[in-house]
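Below you'll find the structure, written out as structure tokens, and then a few comments.
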Amino acid sequence: MAEIAPSILAADFAHLSRDVEAVERAGVSMIHVDVMDGHFVPNITIGPPVVRSLRKATRLLLDCHLMIENADLFISEFAAAGADMISVHQEACPHLDRTLQLIREQGAKAGVVLNPATPVNTLEAVLASIDFVLVMSVNPGFGGQKFIPYTLDKVRELDQIRRDRHLGYRIEIDGGVSANNVGEIVNAGCDIIVAGSSIFGTGDPAAAVETMRRKAVEGRLLQA
Ligand code: DX5
Ligand code: ZN
């Protein structure tokens, strides 16, 4: 069953715990945390102090998506702050194997993120050892963008590879997801569905989670 991971990028940063509680009540198991450095992506968001505060406010898994350069310098701090899952961009990590080792050494689940234009075969060497692959379905940096359809081809490719090789990584998608396209997305093989504006941008985040979950189940049923 696909899981919904609400992205707090679209939440009210002055009322984060309130917004997290709203989706917690809807039964989600994780929160997606977007970390941007103003270098790798043209935007700045939050760092370890906010993760630390979130850790005190919720028992939900914290899925930290690092859109930063020099990730190695910050991984232990994010893990110590309470990140359960840490993903880094293939495009920003020249020493990807070392970076993934650092994440695992800190006891977090290790993921690699692919920008829309980055092919799956760049992960060939690490697919057997990672916990998840995050496929960006928008160019990272901002919420509220339009879903890029060809990124689903990469999801299908990753799904086929894990079946063929009996690998255990999960497939996450991020960007432009709504109740209208989530069915097609889970049908392509996604396990974790990140959604920001289509959840926190609505007046009722819990209801938005419920709707998206229902549409995701319908998508799976279509596939069966
Ligand atoms: C974009 C971020 C996303 C963002 C998605 O760079 O990685 O997680 O919050 O926002 P929506 O769901 O609004 O496209
Ligand atoms: Zn993200």
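For ligands, and for the atoms within them, numbers begin at 1 and follow the listed sequence. We're numbering straight along the sequence, starting at 1.
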How are the rings of His65 and His32 set to each other: parallel, tilted or perpendicular (split at 30° and 60°)?
tilted
Quick one about Thr99 and Asp72 (side-chain donor to acceptor, distance below 3.5 Å, no hydrogens or angles considered), yes or no?
yes
Under a 4.0 Å N-O cut-off, is there an ion pair linking Glu24 with Arg59?
no
Do you see a donor-acceptor pair shorter than 3.5 Å between the side chains of Thr118 and Gln90?
no
Under 4.0 Å between a Lys/Arg side-chain N and an Asp/Glu carboxylate O for Glu124 and Arg165?
yes
Which one holds for Ser7 and ligand 1: side chain close, backbone close, both close, or neither close, with close meaning a heavy atom under 4.0 Å?
side chain
If I apply the N/O under 3.5 Å rule, does Asp174 come out as touching ligand 1?
yes
Could you please compute the angle at the Zn ion (ligand 2) from OD2 of Asp174 to NE2 of His32, rounded to 10°?
100°
So the atoms of ligand 1 within less than 4.0 Å of a heavy atom of Met36 turn out to be 6 (O)
Please determine if Gly144 has a nitrogen or oxygen closer than 3.5 Å to a nitrogen or oxygen of ligand 1.
yes
Does any N or O of ligand 1 fall below 3.5 Å from an N or O anywhere on Val138, backbone included?
no
A student checking ligand 1 against Met67 at a 4.0 Å heavy-atom cut-off should list atoms 6 (O), 7 (O)
Residues Asp174 and Ser137: side-chain donor-acceptor under 3.5 angstrom
no
Looking at His65, which of its N, O or S atoms is the nearest one to the Zn ion (ligand 2)?
ND1
Contact (N/O only, under 3.5 Å) between Gly141 and ligand 1:
yes
Do Gly176 and ligand 1 have an N or O pair less than 3.5 Å apart?
yes
Is Ile171 linked to Val186 within one hydrophobic cluster, defined over Ile, Leu, Val, Met, Phe, Trp and Tyr using a side-chain heavy-atom separation of less than 4.5 Å?
yes
Shortest-distance N, O or S atom of Asp34 relative to the Zn ion (ligand 2):
OD1
